[in-house]
Student: 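Submitted below is the structure of interest, expressed as C-alpha cells.
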Amino acid sequence: MDYLKYFKNGKYQKFKNDCWTLLQDIYKDEHGIILPDIPIFEDEESFVRSNIKHKTVDKPKKGVAVHVSVGSIEHIGYAINEKEYIHKTINQGVKISPIPRYAKFYEVIV
C-alpha cells in the first residue's frame, strides 16, 4: 500500500477531517471495506459496537485498527506493521508513529 498519498492529500492537512476519516479511507482502499461514518462507542472497553463487526487481537499486526485512549481523548489509526501505525493528528496532520504500549487492537471482520 502506498501510504504516501495520505500525506499529500489536502483532505488530511492540519485541522481538516479527523483520525476516523483517515481510517475509513485506508480500509476502503486497502481492504474494500466501507466503515460507517460514525463509530458507536459501546463502553470504555471497546471502540465499536454492532455497527462494525470486529474482534480484539492481543498484538498489533498490519491491517488492524489501533485504538489509543488517554483520559477523555480517543484516537484511532491503522497498523502498517507490528511496530508502527499511520494516523491523523489535529495539529500535525498524517504521521507514522510507534504504536503505544497501551493501545488496543481490533481486526475488522467483513
Side-chain angles (χ1 to χ4, degrees):
M1 182 71 174
D2 177 20
Y3 298 109
L4 187 58
K5 70 181 176 180
Y6 299 110
F7 289 89
K8 295 178 179 180
N9 189 335
K11 180 179 182 178
Y12 303 110
Q13 296 302 318
K14 188 175 178 178
F15 303 116
K16 292 186 181 179
N17 285 309
D18 58 16
C19 56
W20 183 254
T21 306
L22 176 65
L23 189 70
Q24 285 179 303
D25 287 348
I26 292 174
Y27 266 95
K28 182 180 177 187
D29 293 348
E30 191 160 318
H31 303 282
I33 296 173
I34 306 295
L35 296 177
D37 286 336
I38 300 171
I40 297 175
F41 293 89
E42 181 177 85
D43 55 39
E44 295 79 33
E45 300 300 317
S46 175
F47 85 105
V48 292
R49 198 182 342 186
S50 61
N51 68 337
I52 303 171
K53 292 183 182 179
H54 69 283
K55 71 176 182 177
T56 303
V57 292
D58 294 331
K59 296 180 180 180
K61 63 180 182 178
K62 184 181 185 319
V64 300
V66 177
H67 179 230
V68 179
S69 180
V70 179
S72 63
I73 305 296
E74 301 289 332
H75 187 57
I76 195 86
Y78 181 83
I80 59 173
N81 58 45
E82 295 80 24
K83 296 182 180 188
E84 298 173 306
Y85 75 124
I86 186 170
H87 59 117
K88 198 276 184 187
T89 66
I90 293 171
N91 295 328
Q92 299 173 341
V94 176
K95 63 188 285 185
I96 293 176
S97 302
I99 295 173
R101 292 186 312 275
Y102 50 85
K104 294 180 181 178
F105 312 104
Y106 301 96
E107 186 174 329
V108 175
I109 302 169
V110 233

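Scope of the values below: all heavy atoms of this structure, side chains included, with no hydrogens, waters or symmetry mates. Keep in mind the model is a prediction, meaning the values are calculated, not measured.
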Student: Got a sec, which residues hit ring-ring contact (aromatic ring centres under 6.0 Å, His included) with Y6, two or more places apart in sequence or on another chain?
Tutor: none
Student: Give me the ring orientation class for Y78 and Y3: parallel if the planes are under 30° apart, tilted from 30 to 60°, perpendicular past 60°.
Tutor: tilted
Student: Tell me the salt bridge (charged side-chain N to carboxylate O under 4.0 Å, His left out) pairs involving residues 84-98, sequence neighbours left out?
Tutor: none
Student: Atom NE2 in H75, atom CD1 in I90: separation rounded to 0.5 Å?
Tutor: 9.0 Å
Student: Do I99 and V70 sit in one hydrophobic cluster, given that two such residues count as connected whenever their side-chain heavy atoms are within less than 4.5 Å of each other, even indirectly?
Tutor: yes
Student: Treating Q24 as the side-chain partner and L35 as the backbone partner, does any N or O pair qualify as donor plus acceptor under 3.5 Å?
Tutor: yes
Student: Indicate the ring-plane relationship of Y106 and H67, choosing parallel, tilted or perpendicular according to the 30° and 60° boundaries.
Tutor: tilted
Student: Do the side chains of I73 and Y85 join up, straight or via other hydrophobic residues, at under 4.5 Å, putting them in one cluster?
Tutor: no
Student: Which residue pairs satisfy the salt bridge (charged side-chain N to carboxylate O under 4.0 Å, His left out) criterion with at least one member in residues 26-36, sequence neighbours excluded?
Tutor: K5-D29, E30-K62
Student: Please name the pair of heavy atoms, one in E74 and one in S69, separated by the smallest distance, quoted to 0.1 Å.
Tutor: OE2-OG, 3.1 Å
Student: What verdict does the side chain to side chain contact (heavy atoms under 4.5 Å, CB included) test give for K104 and T56, after you've listed the backbone C-alpha separation in whole Å, the side-chain angles of each residue and the deciding distance to 0.1 Å?
Tutor: CA-CA 8 Å; K104 294 180 181 178; T56 303; 5.9 Å; no
Student: To check you understand the geometry: which heavy-atom pair defines the closest contact between Y27 and A65, and what is its length?
Tutor: OH-N, 3.4 Å
Student: As a quick check of understanding, evaluate side chain to side chain contact (heavy atoms under 4.5 Å, CB included) for I86 and V94, giving each step before the final call.
Tutor: CA-CA 7 Å; I86 186 170; V94 176; 3.7 Å; yes
Student: Step by step, work out the side chain to side chain contact (heavy atoms under 4.5 Å, CB included) result for T89 and H87.
Tutor: CA-CA 7 Å; T89 66; H87 59 117; 3.6 Å; yes
Student: Do you know which two heavy atoms are closest between L23 and G77, and how far apart they sit?
Tutor: CD1-O, 3.4 Å
Student: Under the side chain to side chain contact (heavy atoms under 4.5 Å, CB included) criterion, do Y102 and V68 qualify, and how do the steps go?
Tutor: CA-CA 7 Å; Y102 50 85; V68 179; 3.4 Å; yes
